[in-house]
2 protein chains.
Amino acid sequence: MQVATWNVNSIRTRLTHITNWLQSNPVDVLCLQETKVIDEDFPKSNFEELGYHVYIYGQKAYNGVAIFSRTPLNDISMGFTPILGGTIGEKFDVQKRVITGVVNKTRIINLYVPNGSEIGSEKYEFKLLWLEVLKDYLKTLRDQTSQEFCVCGDFNIALEDKDIYDPKGKENHIMSTPAERQALQNVLSIGLKDAFRKFITEEGHFSWWDYRSAGFIRNRGWRIDHLYLTPKLYEKAISCKIDISPRKLEKPSDHTPVIVEF
Amino acid sequence: MQVATWNVNSIRTRLTHITNWLQSNPVDVLCLQETKVIDEDFPKSNFEELGYHVYIYGQKAYNGVAIFSRTPLNDISMGFTPILGGTIGEKFDVQKRVITGVVNKTRIINLYVPNGSEIGSEKYEFKLLWLEVLKDYLKTLRDQTSQEFCVCGDFNIALEDKDIYDPKGKENHIMSTPAERQALQNVLSIGLKDAFRKFITEEGHFSWWDYRSAGFIRNRGWRIDHLYLTPKLYEKAISCKIDISPRKLEKPSDHTPVIVEF
DNA sequence: GTCGGAAGTG
DNA sequence: CACTTCCGAC
């Protein structure tokens with residue numbers, strides 16, 4: 001089974017990129033972030049025609065996540081609220097960043113972690129808080145079920161220096177501050193391991209390049225799109241790859257897909 | 001000598017269209033309207049590299065005119081104020097619609113006549129007033145000098161029924177009302193003749209097609225971009241042509257160039 | 001309806 | 001640099 005994650009930066013603008021990619025890469029599950037469209041306007045049929053069931057959780061202009069799956073998903077839920085209950089959603093589910101569903105006893109959890117804007121800003125604090133809530137969410141979900149998890153998405157965090165093209169120059173940069181890394185490590189402490197690092201340990205592999213200052217052609221990249229697996233699934237993983245080819249197309253997303261097979 | 005006029009509807013969006021066109025059509029003078037950019041951001045060097053001297057009179061987002069010339073222009077001025085003096089500019093030069101300069105003893109006057117929006121509206125009245133001021137401007141300029149004039153630009157007026165694809169359906173339409181036609185005839189009465197009509201008298205030749213409802217592919221056009229010449233220059237004119245090819249490109253301006261040779 | 005630019009976010 | 005919405009223009 002293959003699961004891919006891809007921040008597409010607008011499903012509508014990237015429509016042909018995504019359908020073309022799926023035809024060459026008929027993954028079982030595709031998790032998308034930054035769809036940037038309300039559910040009513042989501043171009044579902046384009047993907048249904050390719051044989052996918054489409055699950056969406058979108059909003060106007062910002063954020064928005066979706067899961068496409070060749071077989072129907074079970075136990076679908078959107079946002080933190082269905083799992084955590086209470087009023088947590090009033091603060092955290094206004095932004096549509098979380099969608100989950102189960103296929104083959106494996107729970108797919110698709111995330112779009114807040115970007116954080118600038119260190120110390122309100123958005124930065126929100127990102128750190130959001131990651132705390134995420135840990136609760138994952139822990140609760142894991143305790144409730146005996147499912148294996150594939151937690152994937154755009155984390156907007158490079159966990160290690162080798163995940164950044166110029167770590168020295170990025171020591172106090174958004175997406176690589178100690179606080180962000182610690183917050184993500186704390187999430188992973190519930191029992192999640194990075195599928196990519198099972199196979200590739202060296203530096204210089206990236207999933208995102210800034211549109212600005214020719215980030216891609218100078219390979220000034222970051223590895224911030226991740227697939228994290230619970231132990232049994234991690235053991236079963238047989239490959240994890242970044243496909244940089246969509247980033248080379250005309251009008252690309254700034255992110256490129258990452259695919260795990262298990 | 002060849003002089004062309006072209007409402008480009010944003011110099012920045014049309015940059016490659018214009019440079020490509022100039023390479024195939026190395027006219028001596030190109031008059032542009034609706035450049036839609038402040039002078040600071042005008043992409044001058046792209047045209048200087050092609051051997052043109054660039055004279056610009058722009059504003060933010062709307063209007064804006066420019067003249068490119070293979071040889072330097074003399075006696076350049078922008079707006080009505082330098083010629084008419086007084087406070088006329090407070091009302092009329094806020095919108096950047098007039099630029100002029102002299103080459104080979106011929107004065108090029110490049111105009112972007114107000115569109116007029118809807119009949120009877122404030123903008124419609126402004127258009128009619130603007131044309132009265134234009135007449136004063138041209139008369140004053142002509143009395144001051146012994147130059148021949150080439151008065152060109154987007155006039156937003158189709159002078160005759162045969163300049164419209166469907167004159168019957170446009171009897172009370174902006175750009176062809178009797179008042180607009182009369183106002184333009186009044187301007188021309190100072191001694192200006194339509195270069196295009198020296199060569200082509202039949203109907204069905206257009207320089208503008210509405211973006212809406214597939215105006216171009218259905219050839220629902222208007223001839224509203226004109227080159228008017230004073231008598232001696234008119235006698236010397238050897239051709240005047242509309243080049244519809246740029247209108248066929250991807251993301252075209254809604255107008256296409258008109259070229260006179262004398 | 002179909003453009004273009006502006007402002008805000010990433 | 002590239003998205004979005006909003007708005008003005010035509």
Side-chain angles (χ1 to χ4, degrees), chain A residues 7-15 17 33-38 41 58-64 95 97 112-119 121-124 126-127 154-156 173-175 208-218 220 222 224 247 249-255, chain B residues 7-15 17 33-38 41 58-64 95 97 112-119 121-124 126-127 154-158 170 173-176 208-218 220-222 224 247 250-255:
Chain A
N7 178 322
V8 291
N9 189 12
S10 168
I11 189 83
R12 286 174 292 184
T13 304
R14 228 63 63 200
L15 192 52
H17 285 29
Q33 304 87 38
E34 284 206 87
T35 53
K36 290 187 173 180
V37 68
I38 56 172
D41 294 343
Q59 68 180 86
K60 190 164 85 170
Y62 304 109
N63 312 309
Q95 301 176 19
R97 298 177 174 279
Y112 174 48
V113 177
N115 168 283
S117 192
E118 287 178 34
I119 298 162
S121 68
E122 208 169 300
K123 286 174 181 163
Y124 181 76
F126 181 81
K127 179 179 191 173
D154 173 5
F155 285 77
N156 273 314
H173 189 284
I174 192 72
M175 301 194 295
W208 174 81
W209 297 260
D210 201 319
Y211 284 126
R212 289 163 285 192
S213 13
F216 184 64
I217 55 177
R218 293 155 80 183
R220 298 175 157 220
W222 296 63
I224 58 178
R247 183 63 237 240
L249 301 172
E250 286 288 297
K251 284 187 144 276
S253 167
D254 43 354
H255 296 252
Chain B
N7 178 323
V8 291
N9 189 13
S10 169
I11 188 83
R12 285 174 292 185
T13 303
R14 230 61 66 199
L15 191 53
H17 285 29
Q33 304 89 38
E34 284 206 86
T35 53
K36 290 187 172 178
V37 68
I38 56 173
D41 294 343
Q59 67 180 86
K60 191 163 86 170
Y62 304 110
N63 311 310
Q95 301 177 19
R97 297 177 175 279
Y112 174 47
V113 177
N115 168 282
S117 192
E118 287 177 34
I119 299 163
S121 68
E122 208 170 299
K123 285 175 182 166
Y124 181 76
F126 181 80
K127 180 180 191 172
D154 173 6
F155 285 77
N156 273 313
I157 296 172
K170 299 289 174 289
H173 189 286
I174 191 72
M175 300 194 296
S176 62
W208 174 81
W209 298 260
D210 201 319
Y211 283 127
R212 289 165 288 188
S213 8
F216 184 64
I217 55 177
R218 295 154 81 184
R220 299 175 156 221
W222 297 63
I224 59 178
R247 185 61 239 242
E250 286 287 297
K251 283 189 143 272
S253 167
D254 44 352
H255 297 252

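We use all heavy atoms of the structure for the numbers below, so side chains are in, but hydrogens, waters and symmetry mates are not. Throughout, a chain's letter reflects where its sequence line sits, starting with A, and its residues are numbered from 1.
Minimum atom distance to the side chain of Ser10(B) is reached by dG4(C), of the listed dT4(D), dG4(C), dT9(C). Closest contact between the side chain of Lys60(B) and the listed nucleotides dA7(C), dA2(D), dC6(D) involves dA7(C). You'll find that the side chain of Arg12(B) is closest to dA6(C), out of dC3(D), dG10(C), dA6(C). In the set dC3(C), dC3(D), dG5(C), dC3(C) carries the atom at the smallest distance from any side-chain atom of Asn9(B). Relative to the side chain of Lys123(A), the nucleotides dC1(D), dT9(C), dC10(D) differ in distance, and dT9(C) lies closest.
Ring geometry for Trp208(B) versus His255(B): interplanar angle of 30 to 60°, hence tilted. Using cut-offs of 30° and 60° on the angle between ring planes, the pair Trp222(B) and His173(B) is tilted.
Proximity of Tyr124(B) to the phosphate of dC10(D): no side-chain N or O atom is located under 4.0 Å from OP1 or OP2. Distances shown here put a side-chain N or O of Arg14(B) below 4.0 Å from the OP1 or OP2 atom of dG4(C). Close to dC3(C), at under 4.0 Å from its OP1 or OP2, lies no side-chain N or O of Thr13(B).
A side-chain N or O of Lys36(B) and one of Asn9(B) form a donor-acceptor pair less than 3.5 Å apart. Side-chain contact, Tyr112(B) with Glu34(B): a donor N or O sits under 3.5 Å from an acceptor N or O.
Of all the heavy atoms in Ile224(B) and Met175(B), the pair that sits closest is CD1-SD, 3.9 Å.
The OH atom of Tyr62(A) sits 9 Å away from the C1' atom of dA7(C) (whole-angstrom rounding). Rounded to a whole Å, the CZ atom of Arg97(A) is 11 Å from the C1' atom of dT9(C). Computed from coordinates, the Asp254(B) CG to dG1(C) C1' distance equals 13 Å when rounded to whole Å. Atom pair Asn63(A):CG and dT9(C):C1' shows a separation of 10 Å (rounding to whole Å applied). Rounded to a whole Å, the CH2 atom of Trp208(B) is 10 Å from the P atom of dC10(D). Whole-Å rounding puts the Glu250(B) CD to dT2(C) C1' distance at 15 Å. Here the P atom of nucleotide dG4(C) and the CG atom of Asp41(B) are 17 Å apart, to the nearest Å. To the nearest angstrom, C1' of dT2(C) lies 8 Å from CG of Asp210(B).
Each of Ser213(B) and Pro252(B) has a nearest nucleotide on DNA chain C; the 5'-most of these lies closest to Ser213(B). For Ala61(A) and Lys36(B), each mapped to the nucleotide of DNA chain D holding its nearest heavy atom, the one lying further toward the 5' end belongs to Ala61(A).
Nucleic acid contact for Tyr211(A): base, since at least one base atom lies under 4.0 Å from a heavy atom of the residue.
Applying the 3.5 Å distance criterion, the base of dC3(C) shares no donor-acceptor pair with the side chain of Arg212(B).
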